[in-house]
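What follows is a single structure, written as structure tokens, with notes after it.
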Amino acid sequence: MGRVRVATWNVNSVKQRVPRFLPWLDQRQPDVVCLQETKLADEAFTALLGDELAGRGYEVAVHGEARWNGVAILSRVGLDDVVTGLADGPGFPEPEARAVAATCGGVRVHSVYVPNGRAPDSDHYHYKLAWLAALRDVVAAGPEGVVVCGDVNIAPADADVFDPAAYVGHTHVTGPERDALAALQATGLRDVVRDRWPTERVFTYWDYRAGMFHQDLGMRIDLVLASDPVAARVRAAWVDRHARKGTGPSDHAPVIVDLDEAPDGDIGPVVPPPSAPRTRKSVKLPQS
DNA sequence: ATGACTTGAGTTTCAAGA
């Protein structure tokens, strides 16, 4: 198989995002798309987009609910062995639609929407940690060629938030959350966007309020985590900021990763262009 | 400025997001 383009996008309601999502599909031509926060029951998803996606050659695996959450995988390189939900995962209190997996073009693909956590040490925070532990177990028990894509609701490092001081006391940056993410990665997953842009300021989410996107005050919480055999095939890994601009965007931007065909072809390390570190502004985080 | 915006349900204002 030739090049495969994998993308992940928290669309914040696929129904509201249709006018942005379909043109984006046609423009970027991803072969595998992981969606989060579809906010739509499965039957409604199919009624809304089934024909549009089939006409573009995509098979679809959806796992949604009526109001919140909801994940999906679209693929035009095969979609086999679909598993919805997270085996032995926790609920809040019931299981939520936050994970779906399928084998696409020989790679086990997981589309995940990790619980937000709400406030450190809250019930929801402990749910988030338990959910991440269950995800780690599923990935550890799965095949070697794997990619975990989605909104992990954790900034892996301080460099992944616009101002670490603004997040003190908040979720997404706490030690236990980062430890849980590290435990997931310890199954052998590489953060391919950070690998590609080791010193760049790269965000995937910007609050709708207060011109945060315009000022580039965001976080990097949408990740593509790839096992070594997949990571070795990465030829491009970037955040599609264009999709966050203009009218009616999601508050998250897509992450796009291109994989070369599996290979002997050693083209050497991908070296990012030199870049000067940008100064950080001290800005107060919008509060709810 | 304990604010700012956007969603879904469902009826009018709340819960949730991060």
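Below, chains carry the letters A, B, ... as their sequence lines are ordered, and counting in each starts from 1. All figures in this text were calculated on a predicted structure; none of them were measured in a lab.
At a threshold of 4.0 angstrom between heavy atoms, the contacts of Asn10(A) are confined to the sugar-phosphate backbone, with no base atom among them. Note on Ser13(A): only backbone sugar-phosphate atoms sit closer than 4.0 angstrom, heavy atoms only; bases stay farther off. The residue Tyr113(A) sits close only to the backbone: its heavy atoms come under 4.0 Å of sugar-phosphate atoms, none of a base.
Heavy-atom distances to DNA chain B give each of Gly248(A) and His172(A) a nearest nucleotide, and the one nearer the 5′ end belongs to Gly248(A).
Residue His252(A) has no polar side-chain atom (N or O) positioned under 4.0 Å from OP1 or OP2 of dG17(B). Proximity of Gln16(A) to the phosphate of dG8(B): a side-chain N or O atom is located under 4.0 Å from OP1 or OP2. At dT6(B), none of the side-chain N or O atoms of Asn12(A) fall inside 4.0 Å of OP1 or OP2 (strictly under the cut-off).
Closest approach to the Tyr205(A) side chain among dA18(B), dA9(B), dT7(B) is made by dA18(B) (side chain taken as heavy atoms from C-beta onward). When distances run from any side-chain atom of Trp68(A) to the nucleotides dT7(B), dA4(B), dA9(B), the shortest one goes to dT7(B). Checking dG17(B), dA4(B), dA9(B) against every side-chain atom of Arg67(A), the shortest atom distance belongs to dA9(B). Taking every side-chain heavy atom of Arg17(A) into account, dT6(B) is the closest of dT6(B), dA18(B), dG8(B).
Of the residues listed (Cys149(A), Pro30(A), Pro254(A)), the one engaging Trp9(A) in a side chain to side chain contact (heavy atoms under 4.5 Å, CB included) is Pro254(A), and it is the only one.
As rounded to whole Å, 15 Å separates atom P of dA15(B) from atom NE2 of His124(A). In this structure, Phe92(A) places its CZ atom 12 Å from C1' of dA15(B), rounding to the nearest Å. Between Glu65(A) atom CD and dG17(B) atom P there is a gap of 11 Å when expressed in whole angstrom units. Nucleotide dA18(B) holds its C1' atom 14 Å from the CZ atom of Arg178(A), rounded to whole Å. The nearest whole Å value for the distance from the CH2 atom in Trp206(A) to the P atom in dA18(B) is 14 Å. The OH atom of Tyr208(A) sits 19 Å away from the C1' atom of dG3(B) (whole-angstrom rounding). Regarding Arg20(A), its CZ atom lies at a distance of 14 Å from the C1' atom of dT6(B), rounded to whole Å. Residue His170(A) contributes atom NE2, which lies 13 Å from atom P of dT2(B) at whole-angstrom precision.
Taking atom P in both dA16(B) and dA1(B), one finds a spacing of 30 Å when rounded to whole Å. Look at the P atom in both dT2(B) and dT13(B): the space between them is 25 Å, to the nearest Å.
Partners of Arg5(A) under the salt bridge (Lys or Arg N to Asp or Glu O under 4.0 Å) rule, at least two apart in sequence or in another chain, are Asp258(A). With sequence neighbours excluded, the residues that form a salt bridge (Lys or Arg N to Asp or Glu O under 4.0 Å) with Glu96(A) are Arg98(A). Under the ring-ring contact (aromatic ring centres under 6.0 Å, His included) criterion, His252(A) pairs with Tyr205(A), sequence neighbours left out.
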Checking ring-ring contact (aromatic ring centres under 6.0 Å, His included) for the pair Tyr167(A)/Phe162(A): CA distance, chi angles, key distance, verdict?
-> CA-CA 9 Å; Tyr167(A) 287 91; Phe162(A) 73 87; 5.7 Å; yes

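Defined by atom type and a distance below 3.5 Å, a donor-acceptor pair is missing between the side-chain atoms of Glu37(A) and Asn12(A).
Its side chain outside the 4.5 Å cluster rule for every partner, Val83(A) clusters with none of the Ile, Leu, Val, Met, Phe, Trp and Tyr residues.
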Using atom types as modelled, flag every donor-acceptor pair under 3.5 Å from a side chain in residues 182-192 of chain A to any protein atom, sequence neighbours excluded.
| residue | atom | partner | partner atom | Å |
| --- | --- | --- | --- | --- |
| Gln185(A) | NE2 | Leu189(A) | O | 3.1 |
| Thr187(A) | OG1 | Leu184(A) | O | 2.6 |
| Arg190(A) | NE | Asp195(A) | OD2 | 2.7 |
| Arg190(A) | NH2 | Asp195(A) | OD1 | 3.2 |
| Arg190(A) | NH2 | Asp195(A) | OD2 | 3.2 |
| Asp191(A) | OD1 | Arg194(A) | N | 3.3 |
| Asp191(A) | OD1 | Arg220(A) | NH1 | 3.0 |
| Asp191(A) | OD2 | Arg220(A) | NH1 | 3.2 |
| Asp191(A) | OD2 | Arg220(A) | NH2 | 2.8 |

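DNA chain B lies under 4.0 Å from at least one heavy atom of each of the following residues of residues 147-155 of chain A: Asp151(A), Asn153(A).
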